[in-house]
Amino acid sequence: MSRSAALFDRAQAVLPGGVNSPVRAFRAVGGTPFFVASAAGARLTDVDGRTYVDYVCSWGPLILGHAPPAVLAAIRDAAARGWTYGAPSGAEVELAELVRRRMPAVEMVRFVNSGTEATMAAVRVARAATRRDLILKFDGCYHGHGDGFLVKAGSGVATLGLPDSPGVPAGVAGLTLSVPFNDVAAVEEVFQRRGADLAAVIVEPFVGNVGFIPPEPQFHPTLRRLCDRHGALLIFDEVMTGFRVAPGGAQERIGIRPDLTTLGKIIGGGMPVGAYGGRGDLMRLVAPAGPVYQAGTLAGNPVAMAAGLATLAATATPDFYEALERRTARLVAGIADAARRRQVPMTVGHAGSMWGVYLAPGPVRNYAEAKATDTTLFASWHRAALARGVFLPPSAFEAAFVSSAHTDADIDFTIEQLDAALGEARAR
Ligand code: KE4
């Protein structure tokens with residue numbers, strides 16, 4: 001028995017499903033999840049000594065790869081001065097000012113400890129500001145595990161095929177409407193019927209929780225126009241896309257100014273950080289400036305702030321993003337070429353260094369179309385790729401990432417191994 005298998009046996013006795021986040025359990029792709037011993041750069045090493053080129057990148061935070069020296073030094077330096085004060089520190093102000101410089105629509109920001117907290121708080125602000133209760137989300141989009149978001153959610157909920165989630169009161173789920181992503185007509189219909197009751201629309205600008213689905217050109221401008229017309233607020237959930245798809249996130253890439261933005265992942269560089277922010281008039285509603293309550297013991301802690309500052313400092317130039325996008329484009333093109341040569345129907349896409357692959361002719365424009373892709377072949381391909389030292393997200397309903405630690409040689413190796421793995425998967 002491998003060390004990973006032995007650890008997984010022990011883990012299942014004390015951790016639900018043996019993991020601390022469902023998608024890590026490999027339920028959608030089969031097999032036993034590997035347990036990590038260490039990670040550096042673009043690679044993970046498991047407890048059995050196997051090494052993998054990593055395209056999960058901790059589900060998005062690690063745009064610089066694992067344990068980048070500059071971020072490690074910043075964490076060490078901050079920790080040596082104490083790692084939580086329960087009182088304000090300068091690093092929180094510096095990171096907030098940096099976020100505002102990179103995302104001007106975020107005039108004011110509050111740090112929390114996860115993307116889930118950020119989206120929960122952002123919706124609370126929107127409901128307080130509009131005095132309305134309804135929110136509109138999109139099928140397959142995942143905004144964390146807050147009760148109101150577990151309605152036709154993506155990521156692990158989609159991966160495990162859960163009918164949303166038990167434990168969410170009907171009264172709460174009933175305040176969340178959901179229509180297909182990219183479906184302008186469906187959005188117009190909801191606004192026509194319920195526009196006066198809508199507090200906010202919350203959307204993943206590029207969807208990363210049902211695989212990778214880019215927005216169609218008219219989609220976000222329509223959301224912006226309808227929100228303005230009906231007095232609803234537009235929330236861009238940029239937990240995954242923020243500082244990933246462009247220096248200023250998806251809102252810069254798409255050219256839309258949301259009223260509120262939620263962030264996470266990259267702004268903590270792998271330490272637990274989430275954030276919500278946006279228009280000053282809205283954020284001044286948040287306690288203690290205003291009456292909307294939200295709080296957090298470890299929010300803005302100095303080590304997480306230091307890791308976020310060091311990470312964003314290393315991604316501060318357009319050249320950084322251009323080089324990352326070029327490398328991702330080469331990877332994605334190489335995978336698509338392999339599929340074409342093997343006559344395997346495949347749809348690939350990327351925005352910046354966020355990318356995804358569906359085993360289907362495509363196009364894949366929404367959750368229903370993503371669900372209709374060949375997830376069985378994907379699972380087989382994932383297993384074959386893993387055996388060849390390439391770690392893809394263990395679900396067809398997740399996006400993958402490239403970091404600045406992935407070299408051209410890593411990309412070449414990956415294309416070669418994924419090509420061979422596709423051949424093996426097809427043959428099964
Ligand atoms: P966290 O609470 O996991 O920090 O963030 C929730 C969240 C909110 N919004 C978006 C757009 C997100 O992608 C996420 C979390 N992403 C998933 C990956 N698909 C986290 C991975 C996991 O659940 O283990």
Side-chain angles (χ1 to χ4, degrees), residues 60-64 68 70-122 124-125 128-129 235-239 241-244 246-249 251-252 257-317 320:
L62 301 178
I63 195 165
L64 302 178
V71 180
L72 179 58
I75 289 170
R76 282 197 173 120
D77 172 58
R81 290 182 275 117
W83 45 83
T84 179
Y85 305 135
S89 69
E92 300 163 67
V93 183
E94 287 168 40
L95 187 55
E97 289 170 342
L98 202 165
V99 167
R100 188 172 59 182
R101 275 198 305 277
R102 297 270 288 261
M103 286 186 171
V106 181
E107 297 168 358
M108 189 171 273
V109 65
R110 166 64 60 86
F111 293 114
V112 293
N113 298 293
S114 68
T116 292
E117 285 183 81
T119 55
M120 288 169 68
R124 185 176 304 142
V125 169
I235 304 174
F236 264 17
D237 179 355
E238 295 225 39
V239 167
T241 57
F243 310 115
R244 170 63 67 176
Q251 51 199 267
E252 176 188 84
R257 192 179 177 95
D259 300 299
L260 291 169
T261 298
T262 53
L263 296 165
K265 297 182 192 276
I266 290 174
I267 62 166
M271 297 300 281
V273 179
Y276 63 104
R279 282 172 27 199
D281 64 310
L282 297 175
M283 291 305 291
R284 276 189 285 276
L285 290 172
V286 178
V292 179
Y293 197 71
Q294 176 271 312
T297 303
L298 298 176
N301 80 76
V303 176
M305 297 293 102
L309 281 164
T311 300
L312 290 185
T315 68
T317 63
F320 174 88

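Computed from a prediction, not measured in an experiment: that's the story for all the values here.
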Enquirer: From L72 CG over to I75 CD1, what is the distance, rounded to the nearest 0.5 angstrom?
Expert: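 These two atoms lie 6.5 Å from each other.
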Enquirer: Treating N301 as the side-chain partner and L298 as the backbone partner, does any N or O pair qualify as donor plus acceptor under 3.5 Å?
Expert: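 Judged by distance alone, yes, a pair lies under 3.5 Å.
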Enquirer: Any idea which heavy atoms bring A70 and A310 closest together, and the distance?
Expert: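 Result for this residue pair: O-CB, 4.0 Å.
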Enquirer: Which pairs of donor and acceptor atoms, one on a side chain in residues 260-274, lie under 3.5 Å apart (sequence neighbours left out)?
Expert:
residue, atom, partner, partner atom, Å
T261, OG1, Q251, NE2, 3.0
T262, OG1, D237, OD1, 2.9
K265, NZ, W59, O, 2.9

Enquirer: Could you walk me through whether I63 and T311 pass the side-chain contact (heavy atoms from CB on, under 4.5 Å) check?
Expert: CA-CA 8 Å; I63 195 165; T311 300; 4.0 Å; yes
Enquirer: Does the side chain of M108 reach to within under 4.5 Å of the side chain of R100, using non-hydrogen atoms?
Expert: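 Heavy-atom side-chain distance check fails, nothing below 4.5 Å.
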Enquirer: Can a donor-acceptor pair be found, under 3.5 Å and without considering hydrogens, that links the side chain of R110 to the backbone of V286?
Expert: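 Side chain of R110 to backbone of V286, a donor-acceptor pair under 3.5 Å: no, none is there.
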Enquirer: Evaluate the side-chain contact (heavy atoms from CB on, under 4.5 Å) criterion for residues L98 and E94: first the C-alpha distance (whole Å), next the side-chain angles of each, then the deciding distance (0.1 Å), finally the verdict.
Expert: CA-CA 6 Å; L98 202 165; E94 287 168 40; over 6 Å; no
Enquirer: Evaluate V106 against F236 for side-chain contact (heavy atoms from CB on, under 4.5 Å), listing each step before the verdict.
Expert: CA-CA 11 Å; V106 181; F236 264 17; over 6 Å; no
Enquirer: Looking at every non-hydrogen atom in both residues, tell me the closest pair between A275 and F111 and how far apart they are.
Expert: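 In this case the closest contact between A275 and F111 is CB-CD2, 3.7 Å.
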Enquirer: So does Y293 have more than 12 non-hydrogen atoms from other groups sitting under 6.0 Å from OH?
Expert: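 Not more than 12 within 6.0 Å, no.
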Enquirer: So which atom in R284 and which in D281 form the shortest heavy-atom distance, rounded to 0.1 Å?
Expert: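 Looking at all heavy atoms of both residues, the shortest contact is NH2-N, 3.7 Å.
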Enquirer: Looking at every non-hydrogen atom in both residues, tell me the closest pair between G278 and M283 and how far apart they are.
Expert: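 Nearest heavy atoms, G278 then M283: N-CG, 3.6 Å.
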Enquirer: If only atom types and distance count, is the side chain of E92 paired as donor or acceptor with the main-chain N or O of S89 below 3.5 Å?
Expert: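 Judged by distance alone, yes, a pair lies under 3.5 Å.
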Enquirer: When rounded to the nearest 0.5 angstrom, what is the spacing between CE in M305 and CG in L95?
Expert: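 M305 CE to L95 CG: 5.0 Å, rounded to 0.5 Å.
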Enquirer: Measure across A91 and L309 and return the closest heavy-atom pair with its distance rounded to 0.1 Å.
Expert: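 Closest pair (atom of A91, atom of L309, distance): O-CD1, 3.9 Å.
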Enquirer: Do you see a donor-acceptor pair shorter than 3.5 Å between the side chains of E117 and Y276?
Expert: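 No, Y276 and E117 have no side-chain donor paired with an acceptor closer than 3.5 Å.
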Enquirer: Show the nearest heavy-atom pair for residues E107 and G280, with the distance to one decimal.
Expert: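 Distance-wise, the nearest heavy atoms are OE1-N, 2.6 Å.
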Enquirer: Has the side chain of R102 got a donor or acceptor atom that lies under 3.5 Å from a matching backbone atom of F243?
Expert: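 No.
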